[in-house]
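Each remark here refers to the structure printed beneath this line.
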Amino acid sequence: MAASTARLLDNARDGRAMSYVIAIMLFLTVLSAAMGLATRNAAGALERAIAGRLTVQLTSGAPDARAALAARLAARLRATPGVTRVAPVSRAALADLLRPWLGAEANDADLPLPAMIDVDLADTAPATLARVTAAVRGVAPAARIDAHASWMASVAGMLSFATWLGLGLVALMATATATVVVVAARAGLDAHRATIEVMHMLGATDVQIARLFQRRIARDALVGGVAGGAAALATVALIGARASGLGSELLGGAGLGAGAWLMLALLPLVFALLAMLAARIAVTRALGRIL
Amino acid sequence: MANIVQFENVGLRYGTGQETLSDISFTLASGAFYFLTGASGAGKTSLLRLLYLAQRPSRGIIRLFGEDAVTMPRSRLPGFRRRIGVVFQDFRLIPHLSIADNIALPLRVAGVPEADVAGPVSEMLAWVGLGDRGGARPATLSGGEQQRVAIARAVIGRPEILVADEPTGNVDPEMAERLLLLFDSLNRLGTTVLVATHDLHLLNRVSEAQMMRLDRGRLQDPTGLLRNPPARRD
Ligand SMILES: Nc1ncnc2c1ncn2[C@@H]1O[C@H](COP(=O)(O)OP(=O)(O)O)[C@@H](O)[C@H]1O
Ligand SMILES: [Mg+2]
(Lines give C-alpha, C1' and ligand atoms only; values in the text may rest on other atoms or scores of the structure.)
(Ligands and ions follow the chains in the order given, each with its own letter.)
Protein backbone atom coordinates (compact mmCIF):
# COMPACT_ATOMS: atom_id res chain seq x y z
CA MET A 1 0.00 0.00 0.00
CA ALA A 2 2.61 2.52 -0.98
CA ALA A 3 3.03 4.80 -3.96
CA SER A 4 0.78 2.63 -6.08
CA THR A 5 -2.18 3.36 -3.83
CA ALA A 6 -1.49 7.06 -3.45
CA ARG A 7 -4.00 7.64 -6.23
CA LEU A 8 -6.73 5.77 -4.35
CA LEU A 9 -8.02 9.09 -3.06
CA ASP A 10 -7.87 11.01 -6.28
CA ASN A 11 -9.67 14.31 -6.89
CA ALA A 12 -7.13 16.34 -4.97
CA ARG A 13 -9.32 19.47 -5.08
CA ASP A 14 -10.54 19.03 -1.49
CA GLY A 15 -7.02 19.58 -0.15
CA ARG A 16 -6.57 22.99 -1.72
CA ALA A 17 -8.71 24.95 0.77
CA MET A 18 -6.92 23.34 3.69
CA SER A 19 -3.52 24.35 2.31
CA TYR A 20 -4.64 27.99 2.18
CA VAL A 21 -6.00 27.96 5.71
CA ILE A 22 -2.86 26.32 7.04
CA ALA A 23 -0.66 28.81 5.16
CA ILE A 24 -2.45 31.66 6.93
CA MET A 25 -2.26 29.82 10.26
CA LEU A 26 1.46 29.28 9.90
CA PHE A 27 2.04 32.90 8.87
CA LEU A 28 0.33 34.09 12.07
CA THR A 29 1.91 31.36 14.17
CA VAL A 30 5.46 32.12 13.09
CA LEU A 31 4.89 35.85 13.64
CA SER A 32 3.48 35.20 17.11
CA ALA A 33 6.32 32.87 17.98
CA ALA A 34 8.86 35.40 16.70
CA MET A 35 7.24 38.09 18.84
CA GLY A 36 7.34 35.80 21.88
CA LEU A 37 10.96 34.82 21.34
CA ALA A 38 12.07 38.38 20.63
CA THR A 39 10.42 39.84 23.72
CA ARG A 40 11.84 37.03 25.80
CA ASN A 41 15.30 37.93 24.53
CA ALA A 42 14.66 41.62 25.17
CA ALA A 43 13.44 40.91 28.68
CA GLY A 44 16.51 38.79 29.32
CA ALA A 45 18.85 41.47 28.02
CA LEU A 46 17.09 44.13 30.06
CA GLU A 47 17.24 42.03 33.19
CA ARG A 48 20.92 41.35 32.77
CA ALA A 49 21.50 45.07 32.25
CA ILE A 50 19.57 46.43 35.21
CA ALA A 51 19.25 43.72 37.80
CA GLY A 52 21.35 44.46 40.85
CA ARG A 53 22.27 47.94 39.76
CA LEU A 54 21.50 51.09 41.71
CA THR A 55 22.46 54.74 41.81
CA VAL A 56 23.10 56.78 44.95
CA GLN A 57 22.53 60.55 44.71
CA LEU A 58 23.67 63.24 47.08
CA THR A 59 21.80 66.50 46.49
CA SER A 60 22.15 68.47 49.74
CA GLY A 61 25.03 70.47 51.22
CA ALA A 62 27.69 72.69 49.72
CA PRO A 63 29.50 71.30 46.68
CA ASP A 64 32.79 70.73 48.54
CA ALA A 65 31.16 68.99 51.47
CA ARG A 66 29.08 66.96 49.06
CA ALA A 67 32.23 65.77 47.24
CA ALA A 68 33.86 64.77 50.49
CA LEU A 69 30.75 62.95 51.59
CA ALA A 70 30.58 61.20 48.23
CA ALA A 71 34.17 60.02 48.59
CA ARG A 72 33.48 58.65 52.06
CA LEU A 73 30.33 57.01 50.84
CA ALA A 74 32.17 55.37 47.95
CA ALA A 75 34.79 54.01 50.31
CA ARG A 76 32.10 52.69 52.64
CA LEU A 77 30.28 51.04 49.76
CA ARG A 78 33.46 49.37 48.50
CA ALA A 79 33.85 47.82 51.93
CA THR A 80 30.27 46.54 51.96
CA PRO A 81 29.88 42.80 51.20
CA GLY A 82 27.76 42.12 48.11
CA VAL A 83 28.91 45.18 46.24
CA THR A 84 30.88 44.30 43.12
CA ARG A 85 31.50 47.70 41.62
CA VAL A 86 31.38 51.27 42.85
CA ALA A 87 31.69 53.94 40.17
CA PRO A 88 31.34 57.59 41.10
CA VAL A 89 29.96 59.47 38.11
CA SER A 90 32.29 62.31 37.32
CA ARG A 91 31.01 65.86 37.01
CA ALA A 92 32.11 65.85 33.37
CA ALA A 93 30.07 62.72 32.62
CA LEU A 94 26.99 64.28 34.25
CA ALA A 95 27.52 67.46 32.28
CA ASP A 96 27.69 65.39 29.10
CA LEU A 97 24.34 63.82 29.97
CA LEU A 98 22.79 67.22 30.54
CA ARG A 99 24.22 68.98 27.53
CA PRO A 100 21.35 68.11 25.18
CA TRP A 101 19.03 70.00 27.52
CA LEU A 102 21.23 72.75 28.90
CA GLY A 103 23.58 73.37 26.01
CA ALA A 104 26.80 75.22 26.88
CA GLU A 105 25.52 75.97 30.39
CA ALA A 106 26.12 72.34 31.25
CA ASN A 107 29.83 73.23 31.47
CA ASP A 108 29.15 76.00 34.01
CA ALA A 109 31.22 75.17 37.10
CA ASP A 110 28.56 76.70 39.33
CA LEU A 111 25.79 74.50 38.01
CA PRO A 112 24.42 72.61 41.04
CA LEU A 113 24.83 69.00 40.01
CA PRO A 114 24.20 66.14 42.42
CA ALA A 115 27.00 63.76 43.25
CA MET A 116 26.18 60.34 41.83
CA ILE A 117 27.60 56.89 42.45
CA ASP A 118 26.68 53.87 40.33
CA VAL A 119 26.70 50.66 42.35
CA ASP A 120 26.59 47.09 41.02
CA LEU A 121 25.47 44.35 43.38
CA ALA A 122 26.55 40.71 43.32
CA ASP A 123 22.94 39.57 43.48
CA THR A 124 19.39 40.86 43.64
CA ALA A 125 18.49 39.40 47.02
CA PRO A 126 16.51 41.79 49.27
CA ALA A 127 19.03 41.19 52.06
CA THR A 128 21.86 42.52 49.91
CA LEU A 129 19.82 45.56 48.97
CA ALA A 130 18.95 46.16 52.65
CA ARG A 131 22.61 45.86 53.67
CA VAL A 132 23.71 48.36 51.04
CA THR A 133 20.88 50.74 51.93
CA ALA A 134 21.90 50.59 55.59
CA ALA A 135 25.51 51.28 54.66
CA VAL A 136 24.51 54.34 52.65
CA ARG A 137 22.20 55.63 55.38
CA GLY A 138 25.01 55.19 57.94
CA VAL A 139 27.22 57.64 56.05
CA ALA A 140 24.68 59.92 54.36
CA PRO A 141 21.15 59.72 55.76
CA ALA A 142 19.84 62.19 53.14
CA ALA A 143 21.11 60.24 50.10
CA ARG A 144 18.62 59.09 47.50
CA ILE A 145 18.87 55.47 46.38
CA ASP A 146 17.43 54.47 43.00
CA ALA A 147 17.21 50.76 42.41
CA HIS A 148 16.94 50.46 38.61
CA ALA A 149 15.10 47.19 38.87
CA SER A 150 12.22 48.82 40.67
CA TRP A 151 11.41 51.34 37.96
CA MET A 152 12.17 48.88 35.19
CA ALA A 153 9.97 46.21 36.78
CA SER A 154 6.86 47.38 34.94
CA VAL A 155 8.68 47.31 31.60
CA ALA A 156 10.01 43.83 32.33
CA GLY A 157 6.51 42.74 33.36
CA MET A 158 5.14 44.06 30.10
CA LEU A 159 7.80 42.15 28.17
CA SER A 160 7.12 38.89 29.99
CA PHE A 161 3.40 39.36 29.32
CA ALA A 162 4.16 39.74 25.62
CA THR A 163 6.25 36.55 25.75
CA TRP A 164 3.39 34.59 27.27
CA LEU A 165 0.95 36.13 24.85
CA GLY A 166 3.10 34.91 21.94
CA LEU A 167 3.19 31.43 23.42
CA GLY A 168 -0.55 31.48 24.00
CA LEU A 169 -1.18 32.55 20.41
CA VAL A 170 0.95 29.68 19.12
CA ALA A 171 -1.07 27.24 21.25
CA LEU A 172 -4.34 28.72 19.94
CA MET A 173 -3.15 28.43 16.32
CA ALA A 174 -2.14 24.82 16.91
CA THR A 175 -5.61 24.06 18.25
CA ALA A 176 -7.28 25.84 15.34
CA THR A 177 -5.07 23.99 12.85
CA ALA A 178 -5.90 20.62 14.40
CA THR A 179 -9.59 21.52 14.23
CA VAL A 180 -9.36 22.49 10.56
CA VAL A 181 -7.60 19.21 9.85
CA VAL A 182 -10.25 17.19 11.66
CA VAL A 183 -12.99 18.92 9.67
CA ALA A 184 -11.08 18.38 6.42
CA ALA A 185 -10.48 14.72 7.28
CA ARG A 186 -14.17 14.16 7.96
CA ALA A 187 -15.10 15.85 4.68
CA GLY A 188 -12.55 13.66 2.94
CA LEU A 189 -14.05 10.55 4.50
CA ASP A 190 -17.48 11.55 3.24
CA ALA A 191 -16.16 12.30 -0.24
CA HIS A 192 -14.42 8.93 -0.46
CA ARG A 193 -17.00 6.82 1.35
CA ALA A 194 -17.46 4.45 -1.60
CA THR A 195 -13.73 3.82 -1.93
CA ILE A 196 -13.40 3.27 1.81
CA GLU A 197 -16.22 0.74 1.76
CA VAL A 198 -14.55 -1.23 -1.03
CA MET A 199 -11.22 -1.08 0.80
CA HIS A 200 -12.85 -2.43 3.94
CA MET A 201 -14.46 -5.28 2.02
CA LEU A 202 -11.11 -6.16 0.46
CA GLY A 203 -9.77 -6.55 3.99
CA ALA A 204 -8.03 -3.22 4.48
CA THR A 205 -7.49 -2.29 8.11
CA ASP A 206 -8.47 1.09 9.55
CA VAL A 207 -4.81 1.94 9.90
CA GLN A 208 -4.22 1.28 6.19
CA ILE A 209 -7.13 3.50 5.22
CA ALA A 210 -6.21 6.20 7.73
CA ARG A 211 -2.70 6.21 6.28
CA LEU A 212 -4.08 7.22 2.88
CA PHE A 213 -5.74 10.26 4.45
CA GLN A 214 -3.00 11.25 6.83
CA ARG A 215 -0.40 11.10 4.06
CA ARG A 216 -2.45 13.43 1.91
CA ILE A 217 -3.36 15.79 4.71
CA ALA A 218 0.25 15.95 5.89
CA ARG A 219 1.30 16.81 2.33
CA ASP A 220 -1.34 19.54 2.00
CA ALA A 221 -0.49 20.89 5.46
CA LEU A 222 3.22 20.90 4.66
CA VAL A 223 2.68 22.78 1.40
CA GLY A 224 0.52 25.40 3.13
CA GLY A 225 2.74 25.51 6.20
CA VAL A 226 5.97 26.01 4.28
CA ALA A 227 4.41 28.80 2.18
CA GLY A 228 2.92 30.61 5.20
CA GLY A 229 5.99 30.00 7.35
CA ALA A 230 8.38 31.28 4.68
CA ALA A 231 6.32 34.45 4.23
CA ALA A 232 6.34 35.00 8.00
CA LEU A 233 10.11 34.41 8.27
CA ALA A 234 10.69 36.97 5.53
CA THR A 235 8.47 39.43 7.41
CA VAL A 236 10.33 38.81 10.67
CA ALA A 237 13.69 39.30 8.93
CA LEU A 238 12.43 42.56 7.44
CA ILE A 239 11.22 43.82 10.84
CA GLY A 240 14.55 42.77 12.36
CA ALA A 241 16.51 44.68 9.72
CA ARG A 242 14.46 47.83 10.27
CA ALA A 243 14.69 47.54 14.08
CA SER A 244 18.47 47.19 14.08
CA GLY A 245 18.58 50.26 11.82
CA LEU A 246 17.01 52.25 14.67
CA GLY A 247 19.96 51.42 16.93
CA SER A 248 17.73 51.21 19.97
CA GLU A 249 19.18 49.28 22.86
CA LEU A 250 15.84 47.69 23.81
CA LEU A 251 15.09 46.60 20.24
CA GLY A 252 18.69 45.48 19.83
CA GLY A 253 18.20 43.09 22.71
CA ALA A 254 15.13 41.75 20.93
CA GLY A 255 17.18 40.24 18.09
CA LEU A 256 16.70 36.51 17.36
CA GLY A 257 19.55 34.05 17.76
CA ALA A 258 20.24 31.09 15.47
CA GLY A 259 18.31 28.79 17.81
CA ALA A 260 15.24 30.99 17.62
CA TRP A 261 15.40 31.10 13.81
CA LEU A 262 15.70 27.32 13.69
CA MET A 263 12.72 26.99 16.00
CA LEU A 264 10.65 29.27 13.76
CA ALA A 265 11.72 27.40 10.63
CA LEU A 266 10.71 24.09 12.23
CA LEU A 267 7.20 25.28 13.08
CA PRO A 268 5.71 24.33 9.66
CA LEU A 269 7.13 20.84 10.08
CA VAL A 270 5.76 20.55 13.59
CA PHE A 271 2.35 21.71 12.35
CA ALA A 272 2.43 19.19 9.49
CA LEU A 273 3.10 16.44 12.02
CA LEU A 274 0.30 17.76 14.18
CA ALA A 275 -2.01 17.76 11.15
CA MET A 276 -1.05 14.18 10.36
CA LEU A 277 -1.76 13.09 13.93
CA ALA A 278 -5.09 14.92 14.02
CA ALA A 279 -6.07 13.35 10.69
CA ARG A 280 -5.13 9.89 11.88
CA ILE A 281 -7.15 10.22 15.08
CA ALA A 282 -10.15 11.71 13.28
CA VAL A 283 -10.13 9.06 10.56
CA THR A 284 -9.60 6.01 12.76
CA ARG A 285 -12.35 7.26 15.08
CA ALA A 286 -14.77 7.73 12.20
CA LEU A 287 -13.85 4.35 10.72
CA GLY A 288 -14.45 2.72 14.08
CA ARG A 289 -18.12 3.57 13.71
CA ILE A 290 -18.35 1.64 10.42
CA LEU A 291 -18.35 -2.16 10.49
CA MET B 1 -12.66 -28.50 7.33
CA ALA B 2 -15.96 -29.79 6.03
CA ASN B 3 -18.14 -26.77 6.75
CA ILE B 4 -16.70 -23.47 5.73
CA VAL B 5 -19.83 -21.41 6.50
CA GLN B 6 -22.59 -22.09 9.00
CA PHE B 7 -25.70 -19.99 9.68
CA GLU B 8 -27.98 -20.92 12.59
CA ASN B 9 -31.34 -19.22 13.06
CA VAL B 10 -29.95 -15.99 11.71
CA GLY B 11 -32.25 -12.99 11.57
CA LEU B 12 -31.61 -9.56 10.10
CA ARG B 13 -33.71 -6.47 10.67
CA TYR B 14 -32.92 -3.08 9.11
CA GLY B 15 -34.12 -0.39 11.48
CA THR B 16 -37.37 -1.20 13.25
CA GLY B 17 -39.53 -2.85 10.60
CA GLN B 18 -40.11 -6.52 9.90
CA GLU B 19 -37.17 -8.88 9.68
CA THR B 20 -35.64 -8.88 6.19
CA LEU B 21 -34.16 -12.31 6.90
CA SER B 22 -35.68 -14.78 9.36
CA ASP B 23 -34.54 -18.10 10.76
CA ILE B 24 -31.82 -18.60 8.18
CA SER B 25 -30.03 -21.89 8.82
CA PHE B 26 -27.66 -23.52 6.34
CA THR B 27 -24.21 -24.92 5.96
CA LEU B 28 -21.78 -24.49 3.06
CA ALA B 29 -19.43 -27.38 2.47
CA SER B 30 -15.88 -26.49 1.65
CA GLY B 31 -15.23 -26.76 -2.08
CA ALA B 32 -18.87 -26.90 -3.17
CA PHE B 33 -20.78 -24.69 -5.63
CA TYR B 34 -24.03 -23.00 -4.57
CA PHE B 35 -26.64 -20.89 -6.26
CA LEU B 36 -28.75 -18.58 -4.13
CA THR B 37 -31.99 -17.75 -5.90
CA GLY B 38 -35.08 -15.83 -5.07
CA ALA B 39 -37.19 -13.01 -6.40
CA SER B 40 -35.90 -9.49 -6.35
CA GLY B 41 -36.24 -8.19 -2.80
CA ALA B 42 -36.21 -11.68 -1.27
CA GLY B 43 -33.04 -10.86 0.70
CA LYS B 44 -30.24 -12.39 -1.40
CA THR B 45 -27.94 -9.37 -1.15
CA SER B 46 -28.68 -9.06 2.56
CA LEU B 47 -27.71 -12.69 3.14
CA LEU B 48 -24.49 -12.30 1.16
CA ARG B 49 -23.61 -9.13 3.08
CA LEU B 50 -23.87 -11.09 6.33
CA LEU B 51 -21.61 -13.72 4.87
CA TYR B 52 -18.91 -11.36 3.62
CA LEU B 53 -18.96 -9.43 6.91
CA ALA B 54 -20.39 -6.16 5.65
CA GLN B 55 -23.23 -6.44 8.14
CA ARG B 56 -23.82 -8.03 11.53
CA PRO B 57 -27.01 -10.07 12.02
CA SER B 58 -29.70 -9.00 14.49
CA ARG B 59 -29.77 -12.50 15.94
CA GLY B 60 -28.49 -16.00 15.38
CA ILE B 61 -25.10 -17.58 14.94
CA ILE B 62 -22.75 -17.25 11.97
CA ARG B 63 -19.61 -19.32 11.87
CA LEU B 64 -16.95 -18.62 9.24
CA PHE B 65 -13.94 -20.89 8.84
CA GLY B 66 -14.96 -22.49 12.13
CA GLU B 67 -15.04 -19.23 14.09
CA ASP B 68 -17.88 -17.19 15.51
CA ALA B 69 -18.23 -14.25 13.15
CA VAL B 70 -20.98 -12.46 15.08
CA THR B 71 -19.10 -11.56 18.23
CA MET B 72 -15.74 -11.31 16.48
CA PRO B 73 -14.03 -8.00 17.38
CA ARG B 74 -13.80 -5.42 14.60
CA SER B 75 -10.04 -5.69 14.53
CA ARG B 76 -10.23 -9.31 13.31
CA LEU B 77 -12.61 -8.61 10.44
CA PRO B 78 -9.96 -7.56 7.87
CA GLY B 79 -8.16 -10.88 8.22
CA PHE B 80 -11.38 -12.78 7.59
CA ARG B 81 -12.47 -10.54 4.72
CA ARG B 82 -9.21 -11.29 2.92
CA ARG B 83 -10.25 -14.96 2.83
CA ILE B 84 -13.53 -14.09 1.07
CA GLY B 85 -13.65 -12.79 -2.49
CA VAL B 86 -16.67 -10.64 -3.32
CA VAL B 87 -18.11 -9.72 -6.71
CA PHE B 88 -20.50 -6.87 -5.91
CA GLN B 89 -23.72 -6.47 -7.83
CA ASP B 90 -22.62 -2.97 -8.86
CA PHE B 91 -18.94 -3.99 -9.38
CA ARG B 92 -17.60 -1.22 -7.11
CA LEU B 93 -14.49 -0.67 -9.19
CA ILE B 94 -12.53 2.40 -8.15
CA PRO B 95 -13.13 4.80 -11.04
CA HIS B 96 -9.84 6.73 -11.00
CA LEU B 97 -7.64 3.64 -10.80
CA SER B 98 -6.66 1.67 -13.89
CA ILE B 99 -8.06 -1.81 -14.45
CA ALA B 100 -4.72 -3.33 -13.46
CA ASP B 101 -4.56 -1.25 -10.24
CA ASN B 102 -8.13 -2.22 -9.40
CA ILE B 103 -7.30 -5.90 -9.77
CA ALA B 104 -4.08 -5.47 -7.79
CA LEU B 105 -5.83 -3.86 -4.84
CA PRO B 106 -6.40 -7.02 -2.72
CA LEU B 107 -2.72 -7.94 -3.07
CA ARG B 108 -1.61 -4.46 -2.04
CA VAL B 109 -4.03 -4.45 0.88
CA ALA B 110 -2.55 -7.78 1.96
CA GLY B 111 0.93 -6.26 1.84
CA VAL B 112 2.24 -8.36 -1.06
CA PRO B 113 5.62 -6.90 -2.18
CA GLU B 114 5.27 -4.69 -5.24
CA ALA B 115 7.57 -6.99 -7.25
CA ASP B 116 5.10 -9.85 -6.81
CA VAL B 117 2.02 -7.90 -7.93
CA ALA B 118 2.47 -7.42 -11.68
CA GLY B 119 2.73 -11.15 -12.49
CA PRO B 120 -0.56 -12.25 -10.91
CA VAL B 121 -2.32 -9.15 -12.24
CA SER B 122 -1.47 -9.86 -15.87
CA GLU B 123 -2.33 -13.52 -15.27
CA MET B 124 -5.78 -12.48 -14.00
CA LEU B 125 -6.25 -10.02 -16.88
CA ALA B 126 -5.55 -12.83 -19.35
CA TRP B 127 -7.82 -15.25 -17.46
CA VAL B 128 -10.80 -12.91 -17.78
CA GLY B 129 -9.89 -12.07 -21.39
CA LEU B 130 -8.83 -8.47 -20.81
CA GLY B 131 -5.11 -8.94 -21.36
CA ASP B 132 -4.70 -5.74 -23.35
CA ARG B 133 -6.91 -3.47 -21.25
CA GLY B 134 -4.87 -3.20 -18.04
CA GLY B 135 -4.19 0.50 -18.44
CA ALA B 136 -7.79 1.49 -19.15
CA ARG B 137 -10.14 3.17 -16.69
CA PRO B 138 -13.27 1.23 -15.63
CA ALA B 139 -15.57 3.82 -17.23
CA THR B 140 -14.20 2.98 -20.68
CA LEU B 141 -15.22 -0.68 -20.35
CA SER B 142 -18.56 -2.31 -21.18
CA GLY B 143 -20.71 -3.74 -18.40
CA GLY B 144 -19.57 -7.29 -19.14
CA GLU B 145 -15.92 -6.22 -19.15
CA GLN B 146 -16.31 -4.39 -15.84
CA GLN B 147 -17.96 -7.49 -14.44
CA ARG B 148 -14.92 -9.54 -15.43
CA VAL B 149 -12.59 -6.99 -13.81
CA ALA B 150 -14.66 -7.30 -10.64
CA ILE B 151 -14.29 -11.08 -10.80
CA ALA B 152 -10.55 -10.84 -11.35
CA ARG B 153 -10.24 -8.53 -8.34
CA ALA B 154 -12.34 -10.90 -6.24
CA VAL B 155 -10.19 -13.96 -6.95
CA ILE B 156 -6.64 -12.59 -7.27
CA GLY B 157 -6.05 -13.01 -3.54
CA ARG B 158 -6.95 -16.73 -3.84
CA PRO B 159 -9.92 -16.53 -1.45
CA GLU B 160 -11.33 -19.66 0.13
CA ILE B 161 -14.87 -18.51 -0.63
CA LEU B 162 -16.04 -16.57 -3.66
CA VAL B 163 -19.32 -14.70 -3.30
CA ALA B 164 -20.93 -13.16 -6.39
CA ASP B 165 -24.08 -11.03 -6.25
CA GLU B 166 -26.07 -11.28 -9.50
CA PRO B 167 -22.90 -11.44 -11.62
CA THR B 168 -24.89 -12.08 -14.79
CA GLY B 169 -27.45 -9.39 -14.20
CA ASN B 170 -25.99 -6.87 -16.62
CA VAL B 171 -24.62 -9.07 -19.39
CA ASP B 172 -26.00 -10.87 -22.44
CA PRO B 173 -26.66 -14.63 -22.21
CA GLU B 174 -23.43 -15.52 -24.01
CA MET B 175 -21.34 -13.47 -21.57
CA ALA B 176 -23.32 -14.91 -18.67
CA GLU B 177 -22.31 -18.38 -19.74
CA ARG B 178 -18.64 -17.33 -20.03
CA LEU B 179 -18.72 -15.84 -16.54
CA LEU B 180 -20.21 -19.04 -15.13
CA LEU B 181 -17.40 -20.99 -16.74
CA LEU B 182 -14.93 -18.77 -14.86
CA PHE B 183 -16.68 -19.54 -11.57
CA ASP B 184 -16.82 -23.22 -12.39
CA SER B 185 -13.11 -23.38 -13.20
CA LEU B 186 -12.34 -21.60 -9.94
CA ASN B 187 -14.53 -24.05 -8.06
CA ARG B 188 -12.66 -26.93 -9.64
CA LEU B 189 -9.49 -25.50 -8.11
CA GLY B 190 -11.08 -25.87 -4.67
CA THR B 191 -12.74 -22.52 -4.02
CA THR B 192 -16.19 -22.61 -2.44
CA VAL B 193 -18.49 -20.58 -4.69
CA LEU B 194 -21.80 -18.92 -3.83
CA VAL B 195 -23.58 -17.14 -6.67
CA ALA B 196 -26.76 -15.17 -6.06
CA THR B 197 -28.99 -14.94 -9.12
CA HIS B 198 -32.59 -14.68 -10.11
CA ASP B 199 -31.73 -16.05 -13.57
CA LEU B 200 -33.07 -19.59 -13.43
CA HIS B 201 -31.57 -20.50 -16.80
CA LEU B 202 -28.12 -20.49 -15.26
CA LEU B 203 -28.83 -23.06 -12.63
CA ASN B 204 -28.31 -26.15 -14.79
CA ARG B 205 -25.13 -24.76 -16.36
CA VAL B 206 -22.99 -25.94 -13.51
CA SER B 207 -23.25 -29.63 -12.84
CA GLU B 208 -23.48 -30.64 -9.20
CA ALA B 209 -24.28 -27.10 -8.10
CA GLN B 210 -26.65 -26.94 -5.16
CA MET B 211 -29.53 -24.55 -4.99
CA MET B 212 -30.66 -22.38 -2.09
CA ARG B 213 -33.87 -20.48 -2.50
CA LEU B 214 -34.95 -17.44 -0.52
CA ASP B 215 -38.60 -16.57 -0.34
CA ARG B 216 -39.42 -13.29 1.37
CA GLY B 217 -36.54 -13.56 3.80
CA ARG B 218 -36.89 -17.26 4.55
CA LEU B 219 -34.69 -20.02 3.24
CA GLN B 220 -36.53 -22.90 1.56
CA ASP B 221 -34.90 -26.18 2.48
CA PRO B 222 -37.50 -28.91 1.90
CA THR B 223 -34.95 -31.73 1.84
CA GLY B 224 -32.88 -30.53 4.76
CA LEU B 225 -29.76 -30.88 2.60
CA LEU B 226 -28.68 -27.34 3.34
CA ARG B 227 -28.47 -28.08 7.03
CA ASN B 228 -26.64 -31.37 6.53
CA PRO B 229 -24.78 -31.10 3.26
CA PRO B 230 -23.50 -34.15 1.42
CA ALA B 231 -19.79 -34.69 1.22
CA ARG B 232 -17.85 -32.37 -1.08
CA ARG B 233 -17.46 -33.22 -4.69
CA ASP B 234 -14.12 -34.42 -6.01
N1 LIG C 1 -29.61 -1.10 3.94
C2 LIG C 1 -30.92 -1.39 3.95
N3 LIG C 1 -31.76 -0.71 4.76
C4 LIG C 1 -33.08 -0.98 4.78
N5 LIG C 1 -33.66 -1.93 4.05
C6 LIG C 1 -32.88 -2.64 3.23
C7 LIG C 1 -31.48 -2.41 3.14
N8 LIG C 1 -30.96 -3.28 2.23
C9 LIG C 1 -32.01 -4.01 1.79
N10 LIG C 1 -33.15 -3.64 2.39
C11 LIG C 1 -34.47 -4.24 2.16
O12 LIG C 1 -34.36 -5.61 2.43
C13 LIG C 1 -35.10 -6.37 1.50
C14 LIG C 1 -34.22 -7.37 0.81
O15 LIG C 1 -33.32 -6.68 -0.03
P16 LIG C 1 -32.08 -7.38 -0.73
O17 LIG C 1 -31.32 -8.13 0.28
O18 LIG C 1 -31.36 -6.38 -1.53
O19 LIG C 1 -32.84 -8.41 -1.69
P20 LIG C 1 -32.38 -9.03 -3.09
O21 LIG C 1 -30.90 -8.91 -3.18
O22 LIG C 1 -32.85 -10.46 -3.04
O23 LIG C 1 -33.07 -8.27 -4.16
C24 LIG C 1 -35.73 -5.37 0.54
O25 LIG C 1 -37.06 -5.15 0.94
C26 LIG C 1 -34.90 -4.15 0.73
O27 LIG C 1 -35.69 -2.99 0.51
MG1 LIG D 1 -29.69 -7.97 -4.54
Side-chain angles (χ1 to χ4, degrees), chain A residues 1-19 184-220 277 279-291, chain B residues 48-57 69-70 72-88 90-98 100-118 121 137-138 150 153-157 159-160 163 165:
Chain A
M1 293 268 294
S4 41
T5 48
R7 276 160 290 129
L8 260 173
L9 308 178
D10 218 29
N11 311 326
R13 66 197 137 68
D14 33 86
R16 204 64 46 80
M18 200 188 69
S19 291
R186 292 215 185 115
L189 279 175
D190 278 340
H192 300 288
R193 191 156 296 283
T195 301
I196 291 169
E197 207 175 315
V198 172
M199 296 293 289
H200 262 150
M201 288 310 128
L202 296 181
T205 60
D206 290 352
V207 172
Q208 284 176 315
I209 295 172
R211 209 176 284 142
L212 296 173
F213 283 92
Q214 83 198 33
R215 192 167 53 192
R216 247 167 73 109
I217 285 176
R219 189 197 62 200
D220 292 342
L277 200 69
R280 186 193 183 97
I281 292 171
V283 171
T284 42
R285 274 217 183 145
L287 291 177
R289 286 191 286 270
I290 311 170
L291 183 65
Chain B
L48 296 188
R49 280 171 57 80
L50 290 175
L51 200 156
Y52 61 74
L53 302 174
Q55 176 91 44
R56 299 228 201 232
V70 176
M72 179 180 292
R74 242 189 122 257
S75 57
R76 293 195 63 204
L77 295 177
F80 275 74
R81 285 171 178 153
R82 288 175 196 182
R83 300 167 72 178
I84 307 169
V86 184
V87 182
F88 302 98
D90 50 356
F91 315 145
R92 307 232 186 144
L93 303 177
I94 296 183
H96 46 266
L97 290 187
S98 70
D101 279 339
N102 264 287
I103 294 175
L105 215 44
L107 297 184
R108 290 183 169 139
V109 162
V112 171
E114 211 45 38
D116 301 336
V117 170
V121 168
R137 296 287 144 120
R153 184 181 68 182
V155 304
I156 193 170
E160 291 155 69
V163 174
D165 197 353

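Just so it is clear, the structure is predicted and the values come from calculations on it, not from any experiment.
We find the OG1-CZ distance between Thr205(A) and Arg81(B) to be 11.0 Å, quoted to the nearest 0.5 Å. With rounding to the nearest 0.5 angstrom, the NE2 atom of His200(A) is 8.5 Å from the CG atom of Leu77(B).
Both the backbone and the side chain of Arg56(B) come within contact range of chain A, each with at least one heavy atom under 4.5 Å from a heavy atom of that chain. Using a 4.5 Å cut-off between heavy atoms, Leu53(B) contacts chain A through its backbone alone, with no side-chain atom that close. For Phe88(B), the part lying under 4.5 angstrom from a heavy atom of chain A is the side chain only.
The shortest heavy-atom contact between Val109(B) and Leu202(A) is CG1-O, 3.7 Å. The shortest heavy-atom contact between Ala204(A) and Pro78(B) is O-CG, 3.9 Å. The minimum heavy-atom distance linking Arg74(B) with Ile290(A) is given by the pair NE-O, 2.8 Å.
Shown here are the side-chain contact (heavy atoms from CB on, under 4.5 Å) partners of Pro113(B), two or more places apart in sequence or in another chain: Asp116(B). Looking at residues two or more places apart in sequence or on another chain, you find a side-chain contact (heavy atoms from CB on, under 4.5 Å) between Glu197(A) and Arg49(B), Arg92(B).
Counting heavy atoms from C-beta outward, Met201(A) and Ile84(B) have side chains that stay 4.5 Å or more apart.
Near-neighbour residues of residues 281-289 of chain A relative to chain B, defined by a heavy atom under 4.5 Å from a heavy atom of that chain, comprise Leu287(A), Gly288(A).
A salt bridge (Lys or Arg N to Asp or Glu O under 4.0 Å) check over residues 186-196 of chain A, counting only residues at least two apart or in different chains, returns the pairs Asp190(A)-Arg193(A).
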